[in-house]
Each structure stands twice: as structure tokens, then as C-alpha cells.
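Okay, structure first, notes after.
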Amino acid sequence: MVSKETIFNRSFDYFVSIISQRILNSIIHIVKHPIFIFYLGAGVYGDWLLLLSIPSFLSLYELGFGTAGINKISMSFAKKNFDECRRVFITIFFLLIIFGMILFLTSLAILLNISTFDNYFDYIENDIIKIYILILVLYLIVGNISGFFNTLLHTANFYALSVYYKNLFILIEFIVSVLVLILTKNLMLILMSILIIRIIRLFFMILVVNSKIKWLSFKITLFTYSKIKELIIPSLTFLFPPIIFILKNQALFYLIAYYYDSQFVTLFVLTLTMTRIIFPIGNLMNDAIKIEINQLFINKNFNKMLKIYFLNIQLIFWILIFLFIPIYLFSSYFFEIWTLSEVKFNYNLFTFLFIGTFFATLTGPLQLFLYGTNLHSKYVTTNLILTLLNFIFLIFFLEIKALNYIAYSLLILEILTLFSVLIFTSIALNKPLFYFFINISKVPEFKELLLLGRNSILQKKFVFNFLNRFITKKK
């Protein structure tokens with residue numbers, strides 16, 4: 001049985017690595033927008049933001065098999081059923097390649113029959129947009145496959161290592177794209193450069209995973225249709241979260257772009273991006289906690305599972321409480337500096353989007369039990385229905401030019417989503433709702449955390465992991 005000290009040490013190592021990723025992403029977001037606005041202008045940058053949102057629409061092409069496969073591999077690894085791990089891995093790997101080829105050919109056929117994008121793009125020419133989209137499709141396919149290999153490290157408890165490698169390529173991709181922008185101001189070259197970085201990352205991750213995971217095998221004979229049948233139901237329901245995300249983000253951006261010009265799209269996207277500054281807090285430990293919940297649930301260690309589950313939520317809840325007011329008070333000043341005063345700040349829009357983000361951030365860790373145990377089907381179906389209804393209302397509000405109601409509607413959706421996850425988790429755990437409210441609002445057991453942290457540091461566990469990261473034996 002895995003001790004709480006072992007789980008803490010793994011989670012602490014992951015926490016440090018994921019904090020570094022959040023800091024890196026925050027710096028990139030803060031720096032990237034003003035640089036691109038300065039060199040491209042607010043109008044062209046609005047088109048660029050719409051263009052980069054296209055992969056999110058197409059990310060559903062793998063039908064959720066990647067996420068369901070990772071969950072299955074993690075459960076099999078907990079039972080030390082390595083033959084099952086191999087069969088699921090090779091089946092998902094080849095499915096990703098096949099689905100990727102289908103996506104690229106389908107995209108090519110559709111683009112050849114589309115004549116204009118004038119309703120959405122104001123500054124980029126139609127013919128060149130088609131080439132940009134094809135490059136982004138390849139970027140998505142290669143990124144999904146490399147991401148699958150990266151996440152495989154989680155199943156063998158190499159959480160931190162996977163994050164550090166992901167950080168490395170995020171940083172490389174950002175630096176290269178900015179250098180190409182400054183030197184050439186050529187969008188085609190920027191897209192080609194980040195695609196090349198993605199391809200390098202894919203081959204690099206294959207080598208890393210092959211060196212770290214002992215059971216890994218690339219034998220095509222391990223491919224089995226029975227695994228596809230076994231995973232198809234959880235896979236299809238794992239499609240719902242990305243659909244929900246698209247409806248809340250990219251689809252909404254295109255909807256706004258249909259009714260308004262690129263400069264308003266820039267305002268909405270940048271305002272939403274700034275409200276999301278607190279959102280990563282809710283996801284700091286998600287991947288590690290989900291795997292721990294997954295493996296503790298399989299081994300029927302429910303008490304330890306619930307303790308880890310609620311401790312994560314409590315930490316996030318109190319961090320959000322302390323950060324909310326200062327961020328809100330200084331939001332307009334930061335926005336003006338961030339956008340070089342090129343985009344006018346909208347207090348009303350920011351306020352309701354920011355409150356909605358608060359609830360969305362809290363929803364993230366609450367839904368980990370349902371996702372980590374594959375008990376998510378009813379919850380995500382309900383969430384999808386709520387999001388679709390909200391999207392219909394958003395269309396109506398845009399038709400009558402009621403911009404403020406867009407923010408109101410998004411806030412109501414996040415509140416309903418929060419209550420939805422509470423209800424379905426309470427049913428799954430056979431616990432009353434007040435049990436969740438009490439445990440969420442509790443002050444975390446800092447004394448126990450400090451004792452575990454002190455033991456971890458005294459044992460030089462973190463230092464050892466950091467120095468030994470590249471020579472760790474295979475699992």
C-alpha cells in the first residue's frame with residue numbers, strides 16, 4: 001500500500017514543477033500579447049487570435065480515446081498488469097495516427113471547396129488562410145501524439161518529469177515564434193517554425209518515454225479491436241469537456257467576430273484572458289491528484305482518496321479567496337499597461353467574467369473524482385446540455401446587441417456547472433451536499449502539510465528527485 005508520505009513526495013515534486021509551468025505560462029501570456037499587438041496591430045492580431053483558435057475546434061478528432069486510454073493504462077499499471085498496458089498503449093497510438101490522417105485529408109477536401117472567410121477575417125487574405133489552417137491542423141495532430149507520450153509518464157508516476165519537458169518546449173516554441181515575428185513579421189514563417197518545434201518534441205518524447213517506461217512496446221501485433229470496444233463509451237463522453245470548452249471560448253470568439261469587428265474580438269479575448277489569471281490555480285495539481293485518486297480508488301483506499309481530494313480543494317478555495325480582491329482592484333491599471341493602451345478596458349465585462357472564472361476555477365478540482373474514476377458520463381452530459389442552452393442565449397443576445405448579457409449568461413453557466421459537479425459527486429460518493437460545503441470551506445491541515453514537507457526536505461527527497469530526474473530507473 002502506498003504511504004501518504006510517498007504520495008506527498010510525488011505530489012510535492014509535481015507541485016514545484018507545475019508551479020514553474022504556471023509562472024512560465026503567465027509570463028508568456030503577459031509578454032506575448034503586447035509584442036504581437038506592437039508588431040501586427042490590434043486588427044491583424046484579432047485575426048491571428050481567431051486563426052490560432054482553429055485547432056481547438058478540431059481537437060475532438062481523436063474521439064476522446066487518448067484520455068480514456070491514459071486512464072485505463074493508469075488503472076492497469078496500479079494492478080501491475082503490464083500486458084494490458086502494452087495493448088491499450090499500442091491501440092491508442094495507432095488510433096491517433098489513423099484519426100490524424102483522416103483529419104488532415106478531410107480538412108484539405110473542405111478547404112478546397114470553401115471560397116471565402118470574409119465574415120470572420122478582416123485583414124488576412126482568403127487564399128493564404130487556407131494554407132495557415134492546414135499548417136495548424138498538422139500542428140494539432142503532431143501535438144496530440146506528442147502530448148499522449150508526455151502524459152504516459154504520469155501513469156508511471158513521473159508527473160514532474162513530464163511537466164519539465166513540456167515547459168522546455170513551451171519556452172522554445174515561444175522564443176522561436178517571437179524571434180521570427182520580430183525578424184520577419186511573416187505569419188507563415190511563424191506557423192512553420194512552431195510546427196517544426198512540435199515535430200522535434202514528438203521524437204524527443206518518444207525517446208524519453210521509451211527510456212523511462214519498461215513495459216513499453218511498439219509491436220503492431222499488440223493492436224486489438226477489443227480494447228477499442230472496451231474504451232468507446234468512456235472515450236465518447238470524454239469528448240464532452242473539450243466541446244464545452246470550445247463553446248465557452250473559441251466558438252464564442254467566432255460568434256462575436258461574426259457580429260463585430262476584429263478589434264472587439266481582441267477586447268473580449270484579452271479581457272477573458274486576464275480574468276483567467278486565477279484559473280491555473282484550480283489546475284495546479286489536477287493531473288497528479290487525478291492519477292492518485294484513480295489508483296487509490298482501484299485499490300479501494302477510499303479514506304485516503306477523500307483526504308487527498310478535499311485537501312487539494314481546500315488549498316485552492318482559500319488561495320482564490322485571498323487573491324480575488326487585489327486582482328480585481330488593480331485590473332484596469334494592469335490591462336492598460338498590458339495592451340499598451342491600444343484596447344479600452346470594460347469594467348462591466350471584466351467584473352462578471354472574473355466572478356465566473358472564480359466559480360470555474362473551483363469546479364476544476366471538484367470534478368477530479370468523477371474524471372479520475374471514469375464516473376463522469378452523467379455529469380458531462382448535463383454540463384454539455386447547460387452549455388448548449390447557454391450558447392443559444394448568447395446568439396440571441398448578440399442579435400439584439402446586448403453585450404452585457406453575454407457576461408451575465410457566462411456567469412450563470414459557471415454557477416450551474418459548479419452545482420452540477422457537487423450533485424453528481426455527492427451521488428457517486430453517497431454523501432450529502434452539506435458534507436461537501438463543510439469540507440470545501442475548511443481551513444487546510446497546514447500542520448500535517450508542514451510535517452510532511454519537513455520530512456520530505458530532511459530526507460532530501462525533492463533535491464534527490466531534481467538531481468536524479470534524468471537518470472531515474474525505468475518503472
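Phe330 has its ring centre no less than 6.0 Å from the ring centre of Phe334. Aromatic ring centres of Tyr405 and Tyr408: separated by under 6.0 Å.
Annotation for Phe149 and Phe93: closest pair CE1-CE1, 3.5 Å, computed over non-hydrogen atoms. Heavy atoms only, all atoms of each residue included: Tyr165 and Val208 are closest at CE1-CG1, 3.4 Å. For the residue pair Val137 and Ser107, the shortest heavy atom distance occurs at CG2-OG, 3.8 Å. Here the closest non-hydrogen pair linking Leu267 and Lys344 is CD1-O, 3.1 Å. Here the shortest heavy-atom pairing between Phe436 and Lys431 reads CE1-CB, 3.9 Å. Asn346 approaches Leu349 most closely through the heavy-atom pair OD1-N, 2.9 Å.
Ring planes of Phe350 and Phe354: parallel class, angle under 30° (limits at 30 and 60°).
Within a 6.0 Å radius of CZ in Phe94, more than 12 heavy atoms belonging to other residues, nucleotides or ligands are found. Other residues, nucleotides and ligands contribute at most 12 non-hydrogen atoms within 6.0 Å of the CD1 atom of Ile325.
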Checking Leu24 against Phe174 for the side chain to side chain contact (heavy atoms under 4.5 Å, CB included) test, could you report, in this order, the C-alpha distance in whole Å, the side-chain angles of both residues, the deciding distance, and whether it holds?
CA-CA 10 Å; Leu24 177 63; Phe174 169 68; over 6 Å; no
Stepwise, does the side chain to side chain contact (heavy atoms under 4.5 Å, CB included) test hold for Leu202 with Ile206?
CA-CA 6 Å; Leu202 171 60; Ile206 290 174; 4.0 Å; yes
Test side chain to side chain contact (heavy atoms under 4.5 Å, CB included) applied to Met305 and Phe369, step by step:
CA-CA 9 Å; Met305 179 192 73; Phe369 172 76; 3.5 Å; yes
Could you walk me through whether Arg201 and Asn150 pass the side chain to side chain contact (heavy atoms under 4.5 Å, CB included) check?
CA-CA 10 Å; Arg201 179 193 173 196; Asn150 189 283; 3.9 Å; yes
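In this structure, OG1 in Thr425 is found 3.5 Å from CG in Leu370, a value given to the nearest 0.5 Å. The NE2 atom of His33 sits 4.5 Å away from atom OG1 of Thr273, with the distance rounded to the nearest 0.5 Å. Note that CG of Leu272 and CZ of Phe279 are 10.0 Å apart. Values are rounded to the nearest 0.5 Å. Note that CG of Leu329 and CZ of Phe324 are 9.5 Å apart. Values are rounded to the nearest 0.5 Å. Once rounded to the nearest 0.5 Å, the distance linking CZ of Phe358 with CD1 of Ile327 reads 11.0 Å. Here Ile213 contributes atom CD1 and Phe82 contributes atom CZ; the two are 10.5 Å apart, rounded to the nearest 0.5 Å.
Listed for the Arg276 side chain is no donor-acceptor partner under 3.5 Å among the backbone atoms of Thr357. Of the possible polar contacts, none joining the Ser420 side chain to the Leu416 backbone as a donor-acceptor pair under 3.5 Å is found.
Using a 4.5 Å heavy-atom cutoff, the side chains of Leu252 and Leu410 are in contact. Here the side chains of Leu171 and Asn167 are not in contact, with every heavy-atom distance at 4.5 Å or above. Inter-residue side-chain proximity for Phe437 and Leu422 is flagged as met; some heavy-atom pair is nearer than 4.5 Å. At a threshold of 4.5 Å between non-hydrogen side-chain atoms, the residues Leu306 and Leu429 count as touching. Between Leu216 and Phe89 the shortest side-chain heavy-atom distance falls below 4.5 Å. Contact of the Ile92 side chain with the Ile70 side chain is not registered, since no non-hydrogen atoms from C-beta on lie closer than 4.5 Å. Two residues are said to be in side-chain contact when any heavy atoms from C-beta on lie closer than 4.5 Å; Thr382 and Ile423 fail this criterion. Considering only heavy atoms from C-beta on, Leu362 comes within 4.5 Å of Phe317 through its side chain.
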When the side chains of residues 385-394 are checked against the rest of the protein, which donor-acceptor pairs come out under 3.5 Å, sequence neighbours left out?
residue, atom, partner, partner atom, Å
Thr387, OG1, Asn383, O, 2.8
Asn390, OD1, Ser409, OG, 2.3

Return a table of donor-acceptor pairs under 3.5 angstrom between the side chains of residues 139-148 and protein atoms on other chains or two or more places apart.
residue, atom, partner, partner atom, Å
Tyr139, OH, Glu173, OE1, 3.4
Tyr139, OH, Glu173, OE2, 2.4
Tyr139, OH, Arg198, NH2, 3.1
Asn144, ND2, Tyr61, OH, 3.3
Ser146, OG, Val142, O, 3.2
Ser146, OG, Gly143, O, 3.0

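Residues that satisfy the side chain to side chain donor-acceptor pair (under 3.5 Å) test with Lys166, not counting sequence neighbours, are absent from this structure. Applying the ring-ring contact (aromatic ring centres under 6.0 Å, His included) rule to Tyr435 yields the partners Phe310; only residues at least two apart in sequence or on another chain are considered. By the side chain to side chain donor-acceptor pair (under 3.5 Å) test, Asn81 pairs with no residue at all, sequence neighbours left out.
Residues in residues 407-423 take part in these salt bridge (Lys or Arg N to Asp or Glu O under 4.0 Å) pairs, two or more places apart or across chains: Lys248-Glu414.
Judged by distance alone, the side chains of Thr351 and Tyr328 do bring a donor and an acceptor atom under 3.5 Å apart.
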